[in-house]
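When a ligand or atom number is given, it counts from 1 through the structure's own listing order.
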Amino acid sequence: MSRHRQPTFTLTTGPVNCYPEVLQGLARPVLYDYDPVFQETYERVSRKLCKVMATDEPPLILQGEPVLGLEAAAASAVSGEDVALNLVSGVYGEGYGFWLQRYCKELLEIRVPFNEAIDPASVEKMLAERPDIKVVALCHHDTPSGTINPVRQIGEIVARSGAIFIVDAVSSFGGMNVLPDDVKADIFVTGPNKCLGCPPGLSLLSVSEAAWRKIESNSTAPSASILSLSDWKTAYKASEPFPFTPSVAEINGLEAAVDRYLEEGEHAVWARHALTAKACRAGAKAMGVRLWPASEDIASPTTTSVTLPEGVTDAALRGKMRDRYGVMISSGRGETHDKLVRIGHMGPTAEPLYAIVALTALGSALSELTGKAYDIGAAVTAAMEVITKAE
Ligand SMILES: *Cc1c(COP(=O)(O)O)cnc(C)c1O
């Protein structure tokens, strides 16, 4: 029997536990969507998002968790004449190929092992060989691996080629320095349910002028559809109609998250994520656990993925951590399932001392399962050294 009906600590890679301010936002009265107060709220939240995303135009807010935004981007921007290039360094990157394939004429791929990152030089070479590539897609932080791709360098290269650059920044945006215009993304897809500390339910998309031109010239781009981007283009204005009912409560929660983010300041938020991950990695190494990424340079500041020791299954390890210690962490997915487990540092759990909680539960569970002593004391000391040294 589990000692914990509810987890005491949810240290997953999403959904994450929300910030208390967000829960208060969600509890505001649910207004009629055409109540002028809600219409103004929607425009105000959209304009605050310009600040958070450093864009001139407000992002689109789609009314469904970020998979909606990702699929809608492919459906809208990719036409039947297009050659598309998908960059695959993990399960989400690989998955994007299914949507590209559905809409494009020909799909090309660059693939690396799921503990490595895409080499920008390989993208440059492919674009030189195939100047007919019209769309390039990249997952910035492939969450099931906990690895980061060099999005800025790849963005420069794609921009020079004239192709449209679609970026999945769902689990990195808000937890590190990744902003749509800065990385030259044409369609930048993210959501509030990872590093902004909201529940799943909305997609945020920044769309460049070039991407709008591509969408508007695509005769098969959806309209009057849940997958449409163009339906929502002007919906942020209080004077314009919504194509359908927006998720009123989620918008209120998002406003609370955005206010909190702006108040803390982006650099402080990013530093908090980076420090938590750095402490977690130091502790994991000190107790004899292997990190999954091939190099620490590509380890994510919002996720720490650790390789499962020989003979330990995902179910046994995460089950023990959950049942015995009340600590819930994430499994691998697809190809990384049963090869690694993942500790999330996202939004409210990007607090350095949560790294200690995760490490002690992880080390104790591993010791019990393997009969080998994982040195929790060494892990705590190493993690605290990182934390104490920080400004
Ligand atoms: C979380 C996440 C998404 C959204 O997908 P769900 O698993 O359905 O929440 C998309 N891309 C990445 C990289 C993510 O981490």
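Proximity to H141 (heavy-atom distance under 4.0 Å) selects the following atoms of ligand 1: 13 (C). Of all the atoms in ligand 1, the ones that sit under 4.0 Å from a non-hydrogen atom of V67 are 4 (C), 5 (O), 8 (O). Counting atoms of ligand 1 from 1 in the listed order, those under 4.0 Å from a heavy atom of S171 are 13 (C), 15 (O).
Closest to atom 15 (O) of ligand 1 among all protein heavy atoms lies T143 OG1, 2.4 Å. For atom 9 (O) of ligand 1, the closest non-hydrogen atom of the protein is E65 OE1, 2.8 Å. The shortest contact between atom 14 (C) of ligand 1 and any protein heavy atom is with K194 NZ, 3.0 Å. Closest to atom 10 (C) of ligand 1 among all protein heavy atoms lies Y92 CE2, 3.4 Å.
Using a 4.0 Å cut-off between a side-chain N of Lys or Arg and a carboxylate O of Asp or Glu, R47 and E40 do not qualify as a salt bridge. Electrostatic pairing of E21 and R260 counts as a salt bridge here, judged by a charged N lying under 4.0 Å from a carboxylate O.
No donor-acceptor distance shorter than 3.5 angstrom exists from the side chain of D375 to the backbone of A286, with no hydrogens or angles considered.
In terms of polar-atom proximity, D168 is counted as a contact of ligand 1, with an N or O under 3.5 Å from an N or O of the ligand.
Distances shorter than 4.0 angstrom occur between a heavy atom of R333 and an atom of ligand 1. Close to ligand 1: L70, with a non-hydrogen atom less than 4.0 angstrom away. Within the structure, the closest approach of C139 to ligand 1 falls below 4.0 Å when heavy atoms are considered.
Centroid-to-centroid, the aromatic rings of W270 and H273 stay 6.0 Å apart or farther.
T302 and H141 are linked by a side-chain donor-acceptor pair at a separation below 3.5 angstrom, with hydrogens and angles left out of the test.
Under the 6.0 Å distance and 45° angle rule, K233 counts as a cation-pi partner of W212.
Taking the six-membered ring where tryptophan is involved, the planes of W232 and F242 are tilted, since the angle between them lies from 30° to 60°.
Shown here for N115 and I298, the closest heavy-atom pair between the two residues is O-CD1, 3.5 Å.
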